[in-house]
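In what follows, chains carry the letters A, B, and so on, assigned in the order in which the sequence lines appear, proteins first and then strands, with residues in each chain numbered from 1.
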Protein chains: 2
Amino acid sequence: MDNVIHYSMKHRFGAARHGARNGPELDATLAGGDLVADGLNTPKLRDVARIAGVSVITASRCISNPERVSEKTRAKVLKVAEELGYIPNRLASAMVSSRSMAVGVVLPTIANPIHSVLLEALAEVLEPFGYRTLLGTTGYRADKEYDVVRTLLAHKVDAIALAGKAQSAQTRKLLAAANVPVAEMFELYDDPLDINVGLSNREAGAALARFLIARGRHRFAFVLHSEIDDSRMTSRYDGFLATATDARIEPFHDSSKPGLLRESVVSAILSRMPDVDAIVCSGHQAAVTAICALRNQGIAVPAQIAVAGFGDSPASQWVQPALTTVSYPMSDIGTKSGQLLLARLRGEAIDNAQADLGFQIMERGST
Amino acid sequence: MDNVIHYSMKHRFGAARHGARNGPELDATLAGGDLVADGLNTPKLRDVARIAGVSVITASRCISNPERVSEKTRAKVLKVAEELGYIPNRLASAMVSSRSMAVGVVLPTIANPIHSVLLEALAEVLEPFGYRTLLGTTGYRADKEYDVVRTLLAHKVDAIALAGKAQSAQTRKLLAAANVPVAEMFELYDDPLDINVGLSNREAGAALARFLIARGRHRFAFVLHSEIDDSRMTSRYDGFLATATDARIEPFHDSSKPGLLRESVVSAILSRMPDVDAIVCSGHQAAVTAICALRNQGIAVPAQIAVAGFGDSPASQWVQPALTTVSYPMSDIGTKSGQLLLARLRGEAIDNAQADLGFQIMERGST
DNA sequence: CTGTTAGCGCGTTCAA
DNA sequence: TTGAACGCGCTAACAG
């Protein structure tokens, strides 16, 4: 148990402030020549144009197509825009140009470092081209997935990237009808909707089975997470099962917060399978917590029981012994997916919409 | 060193597919009575209205203000909308109503669990009220902060929540002019822009100093991160310094990837300060890696050197010995900030725009 | 190189 | 309870 010491300053009282939006209309007459924006309204392009003495469309071009305007007017317009603190309204430009310059990203959760790495890599590729990412999280639930995709489409995203596949038929239909490029990331599928970048979790499961068997293990407890609906998890298990045919494999289901592992599951393993010589966790953080739980029970890792997991993060090296894991190239997956989506968005041909980026087994102390 | 074993399946070749957007216009005549949407164009509200035999505005009301429409027409319109797979265009509705139903969230990074927890809590409060969160990350850089806020404003977010304060005067000016509710989260400030929910990192530093001194430590190495611009970090240091006046405190600067800690910094501490009896890290993950580094060098924690950090996560319990940290109520901060922002968005009065949610010292094995 | 016209899809503001 | 007109802010398409 943690020894907790609680601190809190007294509440400080701040003045209540109101953010009144949409004050009185800007006077639309051409009367005012002032360079200062109206206090309550953000300046529009027409204000910039009026003050700079050009038409609205010319002002627009100075910002979006600078090369199609004379250097002189461009300088003048940009100066006025700067002075007014003009910020283009992306909603308006998206409406008329049918390009929102936003890409929707659907993740189960961002609490898992695997997904945050994926998102950051994807965003890094897209941002230089002016695309923003719009995040939606599903909590591993297929019904929420539908809502999230729908909402993203309502915001007129130009493309959608999903970690995992679009699970429900409903969602797949939505995406097909939406007529936007789609990238399914992380796992490889036989029937991708469009772009598909990742690796075979089934192969990963098989590889880990071979790896452990080669090290003399043959009585496996395989921990799955029962409360999440994740095909990647079951693929790993299937691959493991299909490969370790001569070994004894027992599945155990955890139902704690996704990613972690209840200590009781470890107890269940030890009592139901006293001669277990390896624990394999479908989740990464679950494997880390398994090591801690075994340590707490005084069981030698890996001497008595080996532990391995899928997915890698710095935490693998924090536990003792360090965790052997199947490491996924999440950053590369994000980058590659972003590149393929950009190609689609530019209308370029793609000769290979599916890419296998493989995986690595990081052999560490726990095996 | 890790022993790495690399696997990759052969690339599988998928057919190239094109997502052609904006095909030929929907036939605007009233001729077609078909209930099936045109293959290439997403149905608009006017399509729903036409097929249901009502005006556009009535169709609109069936979706946004169901109670202002007769039950019969509502049922009819909703049925048609469902059949067509109609998805409202949020961009259009945002334009005309000046409410985008989106809240911008500015974080240094989502790789740090502290921030992902904050985001998830915030989103959970806002979503039931129809608000989406639009994420922007700054990488702890003030110049990027300005760009991110500007972009969010360009997307007409209805409110903005920032982890930390708006650092640059430029950004603060932008936010003040934007006339939207703003929440500065995590740290408490004397001059918040508007809503401010968090705790005093200065107090947290002071409390940790008192805590360690009470346990007999008095020669401190305080690790700061030199490549990030984070006032929370320096506040902790200031508070520590101001409290441990009788102790010896030496600052050490790390320049690795934010969050982690280079092993060389630990070596530097040991050589420059051989009698050090406690290492305090401004970052959470840095403290975890410090424990690992000391372990690798065969130094007893906490017997010889104690270690403590700011910010908590499951990883604190994964290292051995478990890490003593100052734990922040990030989830509560997100929840409270969301509630206050909702009040502002509804135009309700707020009698206390600043809230101190305190912190806890989690005493574990490392001290 | 610059301007005019038209309209993106929807909700507000009126009137019926 | 329903509808007509209008405009949100901006850019595509054409004209000058």
Side-chain angles (χ1 to χ4, degrees), chain A residues 21-26 28 30 37-38 41-50 52-77 81 84 86-101 130 153-156 158, chain B residues 21-26 28 37-38 41-50 52-77 81 84 86-101 130 153-156 158 178:
Chain A
R21 302 202 71 193
N22 303 321
E25 261 303 320
L26 242 190
L30 300 183
D38 184 301
N41 271 289
T42 59
K44 334 265 184 228
L45 192 51
R46 70 158 172 273
D47 301 320
V48 176
R50 177 168 41 80
V54 297
S55 72
V56 181
I57 181 64
T58 302
S60 168
R61 280 196 274 252
C62 291
I63 290 163
S64 322
N65 294 67
E67 72 282 1
R68 298 192 46 183
V69 117
S70 83
E71 177 142 2
K72 205 173 122 220
T73 39
R74 191 195 328 161
K76 184 173 57 184
V77 168
L84 286 182
Y86 170 70
I87 299 178
N89 184 337
R90 288 239 150 274
L91 265 40
S93 74
M95 270 215 56
V96 60
S97 69
S98 346
R99 292 181 310 124
S100 66
M101 301 305 287
L153 292 175
H155 282 266
K156 293 288 153 189
D158 293 332
Chain B
R21 300 201 73 192
N22 302 320
E25 260 302 323
L26 243 191
D38 184 302
N41 272 288
T42 58
K44 333 267 186 225
L45 192 51
R46 70 158 172 273
D47 302 321
V48 176
R50 178 168 41 81
V54 297
S55 71
V56 181
I57 180 58
T58 301
S60 168
R61 280 197 273 253
C62 291
I63 289 163
S64 322
N65 294 66
E67 72 281 1
R68 298 194 45 183
V69 118
S70 80
E71 177 142 3
K72 204 174 124 218
T73 40
R74 190 195 329 162
K76 183 172 57 183
V77 168
L84 286 182
Y86 170 70
I87 299 178
N89 183 339
R90 288 241 152 270
L91 264 39
S93 72
M95 273 216 54
V96 59
S97 69
S98 346
R99 292 181 310 124
S100 65
M101 302 306 286
L153 292 176
H155 282 264
K156 293 287 153 191
D158 292 333

Exercise for the section: Taking all non-hydrogen atoms of both residues into account, name the closest pair between B:Asp158 and B:Arg99 and its distance. Expected result: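 For B:Asp158 versus B:Arg99, the nearest heavy atoms are OD1-CA, 3.6 Å.
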Proximity to the side chain of [X] - top-ranked nucleotide from [options]:
X       : options                : answer
B:Tyr86 : C:dC10, D:dT11, D:dC10 : C:dC10
A:Ser93 : D:dA4, D:dT11, C:dT2   : D:dT11
B:Ser60 : D:dA4, C:dG11, C:dC8   : C:dG11

Practice task
Just call it for A:Leu45: base, sugar-phosphate, or nothing, with non-hydrogen atoms closer than 4.0 Å on any strand.
Solution key: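 A:Leu45: backbone/sugar contact only, no base atoms under 4.0 Å.
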Practice task
Using a 4.0 Å heavy-atom cut-off across all strands, classify A:Val56 as base, sugar-phosphate, or nothing.
Solution key: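 It contacts base atoms.
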Exercise for the section: Kindly indicate whether the side chain of A:Arg61 and the base of C:dG3 share any N or O donor-acceptor pair separated by less than 3.5 Å? Expected result: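 Donor-acceptor pair under 3.5 Å: yes.
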Handout entry: Side-chain donor/acceptor contact of B:Arg99 with base of C:dG11 under 3.5 Å
Key =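 No, the side chain and the base share no sub-3.5 Å donor-acceptor pair.
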Handout entry: Whole-Å gap separating C1' (D:dC8) and NZ (A:Lys44)
Key =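 In whole Å, D:dC8 C1' and A:Lys44 NZ are 9 Å from each other.
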Handout entry: Separation of atom CE in B:Met101 from atom P in C:dG11, rounded to whole Å
Key =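 Answer to the nearest Å: 12 Å.
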So does [X] get a side-chain nitrogen or oxygen closer than 4.0 Å to the phosphate oxygens (OP1/OP2) of [N]?
X       : N     : value
A:Ser55 : C:dG3 : yes
B:Ser97 : D:dC8 : no
B:Thr58 : D:dT2 : no

